[in-house]
Amino acid sequence: MNARRPSLDIAVAGGGMIGAAGALSLAKRGFRVALLEARVPAAWNAGDPEDLRVIALAPSSARLLDELGVWRSIEAARVSPYRRMYVWDAASGAELDFAATREGRAQLGWIVENKLVAWMLWNALDAAGVRRVCPAEVRGFEARAGRVVLDLAEAEPLSASLLVIADGGGSRLREQAGIAVRGRDYHQRAVVAHVATERPHEGTAWQRFTGEGPMALLPLADGRSSIVWSLPDERARAVLALDDAAFCEAVGFASDFRLGRIAATTPRASFPLRLQVAERFADERCVLLGDAAHTVHPLAGQGANLGLRDVAELASVLGTARDAGGDIAAPHALARYARRRRSAGAIDAHAFDAVERVFAWQAEPLLALRGLGLRAVDALSPLKRVLGAHAAG
Ligand SMILES: Cc1cc2nc3c(=O)[nH]c(=O)nc-3n(C[C@H](O)[C@H](O)[C@H](O)COP(=O)(O)OP(=O)(O)OC[C@H]3O[C@@H](n4cnc5c(N)ncnc54)[C@H](O)[C@@H]3O)c2cc1C
């Protein structure tokens, strides 16, 4: 530890979108924060092709990013507002249609590149007084004498009052804290690519549920759509191996040619899908944040939105603990964050999981039931409004 530096309140391990937002938010509350990131983040440049990983950001997340001072630069750089969300079931033909105008809003959310959000947050850290340590892999940690001491690869150990673990879904630090996860492997991969379509996307997020998994077409600012196509592992591998013409044809069929023929595609990438919720979100002098705490199926587009809600809750709970004059990592303070965010995160994760299970039904009577349920939700405006408000955060 460097004796000349004032002692740290909080060390955040992992500078992805959620860790960086967490560090920024805590620094803006007046905490002395260090952010430790193993890899130098990829720079975002306006001239670069759009990042294949995009997220649907809810209004509550945009508000938080605005409070952190980065939303305006993100919006000015490249975002695509979506004003409508149209979901339909391949088997029953039933549909759910959410329109921003019906909710009295200009948009339901924004499609944004992951890399852009992470980059803007990363670049705002210095001005907020966050000590960025990168590359710095946190190899381990130990709670000792009222502090947590971090063991860093190729750097001196560092100590803080609290460690925020934000090292992603495969979190090694969560494992080291002895925190188990509950969930299941979907044995699915999300295939992603940007495609040009025959018809305009109309600022709409389209999602078709097929027996194999959901296919989403998300509107991009340049008129193309970003696909997120969840498929069983084997099928995903086969689709990834298709040549471009065959891939475009397959995407067209999977989306029922809703936007006409698929005219062109970028190279593709894929991500394994797991439902995972940590059994505890806090332990001695550490808390979990973002994907380290929960990973959810992308069908509802809520993973990062959940992580940003963790950020807001953590900053609020720690701010209250500090203002009360106590130890910010006192068990009761950490328990308050853990209780609130674990119950909200688990409810959402299992709700998305239930949707995934319901749409996997293929038996005839169950299909009819699913169609009936969807039509009922679509017809019941108050229930639809509740669902829409929840998705908006
Ligand atoms: C196909 C797909 C579509 C999605 N769509 C949406 C969507 O529409 N809306 C939405 O809200 N969410 C969506 N998500 C989820 C969203 O992408 C994630 O929830 C979010 O990116 C998680 O961010 P994170 O910072 O928690 O984790 P990560 O992005 O995984 O960041 C973890 C960071 O920790 C660093 N790290 C790891 N180990 C260490 C260590 N020991 N020491 C230091 N640093 C370390 C890593 O280098 C990395 O930078 C989607 C996910 C997928 C796969």
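Quick note: numbers below take in every heavy atom, side chains included, and nothing from hydrogens, waters or symmetry partners.
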field: V54 side chain reached by V112 side chain, heavy atoms, under 4.5 Å
entry: no
query: Would you call E249-R261 a salt bridge at under 4.0 Å N-O?
result: yes
- prompt: Is a donor on one side and an acceptor on the other found under 3.5 Å between the side chain of S25 and the backbone of G22?
  reply: no
message: One thing to verify: whether D222 and R224 come together as a salt bridge, which I'm taking to mean a side-chain N less than 4.0 angstrom from a carboxylate O.
response: yes
message: Between the side chains of R235 and E212, is the shortest nitrogen-to-carboxylate-oxygen separation below 4.0 Å, so that they form an ion pair?
response: yes
message: One thing to verify: whether E175 and R172 come together as a salt bridge, which I'm taking to mean a side-chain N less than 4.0 angstrom from a carboxylate O.
response: no
- request: Please test E198 against F257 for side chain to side chain contact (heavy atoms under 4.5 Å, CB included), starting from the C-alpha separation and ending with a verdict.
  value: CA-CA 9 Å; E198 192 182 354; F257 296 99; over 6 Å; no
query: Do D66 side-chain atoms and A62 backbone N/O form a donor-acceptor pair below 3.5 Å?
result: no
task: Determine whether D151 and V138 make a side-chain contact, defined as any pair of heavy atoms from C-beta on separated by less than 4.5 Å.
output: no
field: Donor-acceptor pair, side chain of R208 and main chain of A254, under 3.5 angstrom
entry: yes
query: Side-chain donor-acceptor pair under 3.5 Å between D323 and T320, yes or no?
result: no
query: What do the steps show when you test E95 against Y86 for side chain to side chain donor-acceptor pair (under 3.5 Å), and what is the final call?
result: CA-CA 7 Å; E95 60 198 42; Y86 184 86; 2.7 Å; yes
query: Say you draw a straight line from CZ of F209 to CH2 of W88; how long is it, rounded to the nearest 0.5 Å?
result: 10.5 Å
task: Side-chain contact test, heavy atoms from C-beta onward, threshold under 4.5 Å: evaluate it for D89 versus L96 and give yes or no.
output: no
- prompt: Can any side-chain N or O of T266 pair as donor or acceptor with the backbone N or O of H194 at less than 3.5 Å?
  reply: yes
query: Does A245 offer a backbone N or O that forms a donor-acceptor pair with the side chain of D243 under 3.5 Å?
result: yes
task: State plainly whether the residues R268 and D244 are in salt-bridge range, i.e. N to O under 4.0 Å.
output: yes
- request: In plain terms, say whether R341 and E313 are close enough for a salt bridge, that is, a side-chain N and a carboxylate O under 4.0 Å apart.
  value: no
- prompt: Closest heavy-atom contact between L116 and A77?
  reply: CD1-CB, 3.8 Å
- request: Compute whether any side-chain donor of one residue and acceptor of the other, for N305 and S61, lie under 3.5 angstrom apart.
  value: yes
field: Same cluster (ILVMFWY, side-chain, under 4.5 Å), L275 and V181
entry: no
field: Derivation and outcome, side chain to side chain contact (heavy atoms under 4.5 Å, CB included), residues D283 and L334
entry: CA-CA 8 Å; D283 204 277; L334 303 190; over 6 Å; no
task: With side chain to side chain donor-acceptor pair (under 3.5 Å) as the test, would you mind laying out the steps for S171 and D167 before giving the verdict?
output: CA-CA 5 Å; S171 174; D167 56 348; 2.5 Å; yes
- prompt: Using 30° and 60° as the class limits, which term best fits the ring planes of H297 and Y186: parallel, tilted or perpendicular?
  reply: perpendicular
message: Please find the pair of heavy atoms, one from P298 and one from A190, that lie closest to each other, and give the distance.
response: CG-CB, 4.4 Å
- prompt: Is the cationic atom of R342 (NZ for Lys, CZ for Arg) positioned less than 6.0 Å from the six-membered ring centroid of Y337 and within 45 degrees of its normal?
  reply: no
- prompt: If you take all heavy atoms of L35 and A20, which pair is closest and at what distance?
  reply: CD2-CA, 4.1 Å
- prompt: Would a 4.5 Å heavy-atom cut-off, applied to side chains only, mark S226 and V192 as touching?
  reply: no
query: Roughly how far apart are R132 CZ and L125 CG, rounded to 0.5 Å?
result: 6.0 Å
- prompt: Any donor and acceptor pair, going by atom type alone, linking the side chain of Q207 with main-chain N or O of P214 inside 3.5 Å?
  reply: no
message: Closer than 3.5 angstrom, by distance alone: can the side chain of S255 be matched with the main-chain N or O of V251 as a donor-acceptor pair?
response: yes
field: R144/E142 ion pair, N-O < 4.0 Å
entry: yes
- line: CG of L318 to CZ of R29, rounded to nearest 0.5 Å, is 9.0 Å
- prompt: Does NZ or CZ of R84 fall inside the cone over F98's six-membered ring, less than 6.0 Å from its centre and within 45° of the axis?
  reply: no
message: For a side chain to side chain contact (heavy atoms under 4.5 Å, CB included) check, start with the C-alpha distance between V311 and L289, then their side-chain angles and the critical distance, and finish with the verdict.
response: CA-CA 7 Å; V311 166; L289 195 74; 4.1 Å; yes
- prompt: With a distance cut-off below 6.0 Å to the six-membered ring centre and an angular limit of 45° from the axis, does R189 pair with W229 as a cation-pi contact?
  reply: no
- prompt: With side chains defined as the heavy atoms from C-beta onward, is the minimum distance between V33 and V164 less than 4.5 Å?
  reply: no
- prompt: Can you tell me if CZ on R182 sees more than 12 non-hydrogen neighbours from other groups inside 6.0 Å?
  reply: no
field: CA sep, side-chain torsions, deciding dist, call: E37, V133, side chain to side chain contact (heavy atoms under 4.5 Å, CB included)
entry: CA-CA 6 Å; E37 166 54 50; V133 193; over 6 Å; no
- prompt: Are side-chain heavy atoms of L217 and L259 found at a separation under 4.5 Å?
  reply: yes
field: Full working for ring pair (Phe, Tyr, Trp, His ring centres under 6.0 Å) between W44 and W122
entry: CA-CA 11 Å; W44 183 91; W122 184 256; over 10 Å; no
task: Indicate yes or no for a side-chain donor-acceptor contact from Q176 to the backbone of R139 under 3.5 Å, with no hydrogens or angles considered.
output: yes
message: Contact between R339 and S343 at the side-chain level, heavy atoms closer than 4.5 Å - yes or no?
response: no
message: Show, in sequence, the C-alpha distance, side-chain angles and deciding distance for E234 and H187, and conclude whether the side chain to side chain donor-acceptor pair (under 3.5 Å) test is met.
response: CA-CA 9 Å; E234 278 306 301; H187 301 293; over 6 Å; no
query: With a 4.5 Å heavy-atom cut-off, do L8 and F31 have their side chains touching?
result: no
query: Short question: side chain of R199, backbone of R258 - any donor-acceptor pair under 3.5 Å?
result: yes
- prompt: If you measure from SG on C134 to CG on L36, what distance do you get to the nearest 0.5 Å?
  reply: 9.5 Å
query: Taking it one step at a time, do R322 and D327 satisfy salt bridge (charged side-chain N to carboxylate O under 4.0 Å, His left out)?
result: CA-CA 7 Å; R322 191 246 339 258; D327 175 5; over 6 Å; no
message: Less than 4.0 angstrom from a charged side-chain N to a carboxylate O is my criterion; do R78 and D51 meet it?
response: no
Side chain T204, main chain E202, donor-acceptor under 3.5 Å: yes
query: With no hydrogens and no angle check, do the side chains of R147 and S159 hold a donor and an acceptor under 3.5 Å apart?
result: yes
